[in-house]
Amino acid sequence: MTKGQTTHGILKDPTLLVAALMADGWRVIGPKVRDQAIVYEVLDQPDDLPRGLTDSQSGGLYRLEAGQPERWFDYVVGPHSWKKWLFPARQKLWTATRLADAGFEIEVSAIDWPKTVFFGVRACEIAAMTVQDRVFDNGMFRDAAYAARRADTLIVAVQCARSAETCFCASMNTGPGVDEGYDIALTELAGISGEILVTAGSDRGRAILAPLALPSATDGQIAAGPATTAAAAASQSRAMVPDIARVLREGLDHTNWEVVADACLSCGNCTLACPTCFCSDVEDVSDLSGDHAERWRSWDSCFSTDFSYVHGGAVRRSPKSQYRQWMTHKLSTWHDQFEMSGCVGCGRCITWCPVGIDITREAGTFAAHPHPAET
Ligand code: SF4
Ligand code: SF4
């Protein structure tokens, strides 16, 4: 099943790959149906992998629906992203215990991460991990737990054969096709023929596929892979404004910030669902005896009241300043900080915003009517 530098085979049933990984001792985290949504959780058995489902998404709306019964991957991203595993929502950093004689003993929390597969990672999600790598594993700025989890995780990607109405990865150059950053990629070919093109992207991936002895893909099947994702890209109706970083830099006093703020509930759903948001708060707690203390890190959000607290009060109290901070950081100042965009076009912030605020629509408003400043 080798062709040039890459390796291609054909798989009829992806649960066989899940079963092989489980038999080899991997913990498989992948898509599962819970509370009528696709979430990323540990798969208990290969049959946990959903089949015959698709999703309907728009501003403030997510519905899981019946799709073609034979197909495996016709839904796209749900409310979870892989950051909940690599950068957990709440994490104990260390425990301190007072010693009998004097002083404290500090026990740093161990990194508990068995060999793990992320199964079903989409292109925008690989791009989001690359964004978070810049934050958590960047030279002298290194989160050891994040880096260890990332290094010990095998990536089984899925090429998107369809886009949701909220997807705009094509305009961010982050999808829907996966080009790099995976160990194995699966492309469910068009139609209902039950053919999944399997591509090895690393030696680790090749070693896992070898015992499966998959039949080789034909040239036609290999060529059908890019055509599948091209069709998904062509179907995307939303797009990010080109040069949005400059548009926002020049529009900090735009009247539209007030218009968005009138609708925004400051609920923070957009930041929690976003696969790249990385802000956290650190809290120290002690017991009543004063002999035992813990330090915890938890996700935070630009929309939390205390997020911008400095001595004397919060700097950003209004929904206008909170939303402006979120959007300008994602799309403009992130470039100054990390030399890339903080948005990968996954559309989660649109779908999971309870009032349907749409980052592409707002970007379009700022670009179409530049510079109307408040009086
Ligand atoms: S800002 Fe919205 S579309 Fe962009 S990565 Fe975050 S959730 Fe996805
Ligand atoms: S933009 Fe939407 S999701 Fe984000 S804080 Fe405002 S209401 Fe909540």
Side-chain angles (χ1 to χ4, degrees), residues 40 57-62 76-84 86-87 121-135 160 163-176 236-241 244-245 248 256-279 299-308 316-335 337-338 340-366:
Y40 295 146
Q57 302 195 38
S58 63
L61 184 139
Y62 177 96
V76 293
V77 297
H80 283 185
S81 71
W82 303 99
K83 90 171 176 186
K84 86 168 212 155
L86 294 171
F87 165 47
V121 184
R122 306 304 177 115
C124 64
E125 299 182 312
I126 290 179
M129 288 183 212
T130 306
V131 171
Q132 288 214 320
D133 289 347
R134 290 276 179 106
V135 177
C160 289
S163 296
E165 193 194 310
T166 41
C167 296
F168 60 99
C169 60
S171 66
M172 302 303 291
N173 292 318
T174 54
Q236 292 186 6
S237 54
R238 281 178 167 81
M240 181 48 67
V241 168
I244 185 63
L248 292 179
N256 191 51
W257 295 117
E258 286 289 2
V259 178
V260 191
D262 278 349
C264 177
L265 306 174
S266 292
C267 66
N269 265 13
C270 47
T271 57
L272 300 180
C274 179
T276 67
C277 278
F278 62 85
C279 288
W299 288 357
D300 207 343
S301 163
C302 325
F303 295 93
S304 303
T305 311
D306 285 343
F307 180 73
S308 63
R316 287 187 291 274
R317 294 163 188 257
S318 67
K320 171 188 163 185
S321 60
Q322 292 163 347
Y323 188 85
R324 182 173 56 190
Q325 162 65 20
W326 180 71
M327 187 170 173
T328 55
H329 190 210
K330 281 276 160 226
L331 296 168
S332 187
T333 51
W334 207 293
H335 287 274
Q337 197 175 2
F338 299 110
M340 64 199 318
S341 174
C343 173
V344 297
C346 71
R348 284 181 178 88
C349 57
I350 304 170
T351 298
W352 296 98
C353 173
V355 292
I357 291 174
D358 176 346
I359 193 170
T360 62
R361 183 184 62 214
E362 302 312 329
T365 302
F366 289 118

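Everything quoted here is computed from the prediction, not taken from an experiment. Ligands are counted one by one from 1 in listed order, and the atoms in each one are counted from 1 as well. The first residue in the sequence is number 1, and the count goes up from there.
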So if I count the atoms of ligand 1 from 1 in the order they appear, which ones are less than 4.0 Å from some heavy atom of C274? 5 (S), 6 (Fe), 7 (S)
The ring pair (Phe, Tyr, Trp, His ring centres under 6.0 Å) partners of F168 (sequence neighbours excluded) come to none
Quick one: closest heavy-atom pair of M327 and I359, and the distance? CE-O, 3.7 Å
Can you report which non-hydrogen protein atom sits closest to atom 5 (S) of ligand 1, along with the distance? V344 N, 3.3 Å
Could you work out, with ring pair (Phe, Tyr, Trp, His ring centres under 6.0 Å) as the rule, every residue matching W352, not counting sequence neighbours? Y62
Take F278 and K83 through the side-chain contact (heavy atoms from CB on, under 4.5 Å) test and state the conclusion after the steps. CA-CA 9 Å; F278 62 85; K83 90 171 176 186; over 6 Å; no
Against heavy atoms of G347, which atoms of ligand 1 measure under 4.0 Å? 3 (S), 8 (Fe)
Atom 1 (S) of ligand 1 sits nearest the protein heavy atom K330 CD, 3.6 Å
How would you list, by chain and number, every residue that makes a ring pair (Phe, Tyr, Trp, His ring centres under 6.0 Å) with F307, sequence neighbours excluded? none
Under 2.8 Å from atom 4 (Fe) of ligand 2 - protein N/O/S, by chain and number: C270 SG
Looking at C346, which atoms of ligand 1 are within less than 4.0 Å of one of its heavy atoms? 3 (S), 5 (S), 7 (S), 8 (Fe)
May I ask you to identify the nearest protein heavy atom to atom 4 (Fe) of ligand 1, giving residue, atom name and distance to one decimal place in Å? C343 SG, 2.4 Å
Is it the case that more than 12 heavy atoms not belonging to R361 sit under 6.0 Å from its CZ atom? yes
Which atoms from ligand 1 have a heavy atom of F168 less than 4.0 Å away? 3 (S)
F303 vs Y323 aromatic rings, parallel, tilted or perpendicular, using cut-offs 30° and 60°? tilted
